[in-house]
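What follows is a set of notes on a single structure, which appears directly below.
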Amino acid sequence: MAQKLELLPAVDVRDGQAVRLVHGESGTETSYGSPLEAALTWQRAGAEWLHLVDLDAAFGTGDNRELIAEVAGAMDLKVELSGGIRDDASLAAALATGCTRVNLGTAALETPEWVAKVIAEHGDKIAVGLDVRGTTLRGRGWTRDGGDLYETLARLDSEGCARYVVTDIAKDGTLQGPNLELLRNVCAATDKPVVASGGVSSLDDLRALAGLVPLGIEGAIVGKALYAEAFTLEEALEAVEAVSR
Ligand SMILES: O=C(O)c1ccccc1N[C@@H]1O[C@H](COP(=O)(O)O)[C@@H](O)[C@H]1O
């Protein structure tokens, strides 16, 4: 039996609300109400993971730290926490939520020494989010260029980074399908597991990602497709289970 693709339904929080953005652009929010209710909905549907993002912290427009801690604390499932984790204090607050791992974006581009240190200290509790346009990384709410994808990947690999969360910004929030070519290329460049993010629109997209598990794709973040009810989480879990049988 092949390894099953892990599914990570996303709850992105802006100004206290669960939202989805298009291309990660501030101002494109569609609101989906209470983040806790959204997270509990995915948990009740059988999710094993939650991808929980503090978008205000990522954009530098404040934070939702207490709410994020409340959501993470209410979950029985595994939580991957992202957004604004850039120094010792924000990392300590993130880990104190009891999350399974954190996902660092901007810090990996702007403070590589600190990221190397926390990778050495925390091992697989640290993932790095590689958020790209083409092959150029973007940080600070995806508003600033942050270097070349493959150079950064090689550096992080050499520092022992445990896994990567790869987002094609051009696909994120668009329901246009994941960038399979990018994901194949990243998997070819690292031996570490890769979580795919951006563009999932259908069960066929999830089946295509499940087909990349042997290359190193470990999981897929699903956002807008679930909120737009393109399929249910139960259907998604069944679809990836079927590929692994
Ligand atoms: O998830 C989004 O839609 C998103 C949009 C714009 C910016 C960030 C976004 N998401 C997450 O934020 C972290 C990066 O945060 P930081 O740079 O470490 O502060 C990234 O990993 C995405 O998961």
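Keep in mind the model is a prediction, meaning the values are calculated, not measured. Every number for a ligand or one of its atoms is a count from 1 in the order of the listing.
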[X] neighbourhood, listing ligand 1 atoms whose heavy-atom distance to it stays under 4.0 Å:
X      : value
Val53  : 10 (N), 11 (C), 12 (O)
Leu55  : 2 (C), 4 (C), 5 (C), 9 (C)
Gly24  : 5 (C), 6 (C)
Asp172 : 3 (O)
Asp12  : 1 (O), 2 (C), 3 (O)
Phe59  : 6 (C)
Gly105 : 17 (O), 18 (O)

Give the contacting part of [X] toward ligand 1: side chain, backbone, both or neither, where contact means a heavy-atom distance below 4.0 Å.
X      : result
Thr167 : neither
Ser82  : side chain
Asp131 : side chain

Is Asp12 reaching over with its side chain to a backbone N or O of Arg20, donor-acceptor style, under 3.5 angstrom? no

Can you list the steps and then say if Leu50 with Glu80 is a side chain to side chain contact (heavy atoms under 4.5 Å, CB included)? CA-CA 6 Å; Leu50 180 71; Glu80 175 178 88; over 6 Å; no

Contact (N/O only, under 3.5 Å) between [X] and ligand 1:
X      : result
Arg86  : yes
Ala58  : no
Trp142 : no

If you measure from each heavy atom of [X] to ligand 1, is any distance below 4.0 Å?
X      : result
His51  : yes
Gly141 : yes
Gly84  : yes

Does one hydrophobic cluster hold both Val115 and Val166, with members joined at side-chain heavy-atom distances below 4.5 Å? yes

Compute whether any side-chain donor of one residue and acceptor of the other, for [X] and [Y], lie under 3.5 angstrom apart.
X      : Y      : value
Trp142 : Asp172 : no
Asp56  : Thr61  : yes
Arg207 : Ser202 : no

Using the rule side-chain contact (heavy atoms from CB on, under 4.5 Å), only one of Asp157, Thr152, Val195 pairs with Tyr164; which is it? Asp157

Tell me whether the guanidinium CZ or amine NZ of Arg86 lies under 6.0 angstrom from the six-membered ring centre of Trp114 and within 45° of its axis. no

Euclidean distance, Leu104 CG relative to Ile85 CD1, rounded to 0.5 Å: 6.0 Å

Go through the structure and list residues passing ring-ring contact (aromatic ring centres under 6.0 Å, His included) with Phe231, not counting sequence neighbours. none

[atom]: the protein heavy-atom neighbour that sits closest, reported with distance to 0.1 Å:
atom                    : value
atom 15 (O) of ligand 1 : Gly83 CA, 3.5 Å
atom 17 (O) of ligand 1 : Thr106 OG1, 2.4 Å
atom 21 (O) of ligand 1 : Asn103 ND2, 3.0 Å

With heavy-atom distances below 4.5 Å as the criterion, would you say the side chains of Arg184 and Val186 are in contact? no

Residue Asp145 excluded, over 12 heavy atoms near CG under 6.0 Å: yes

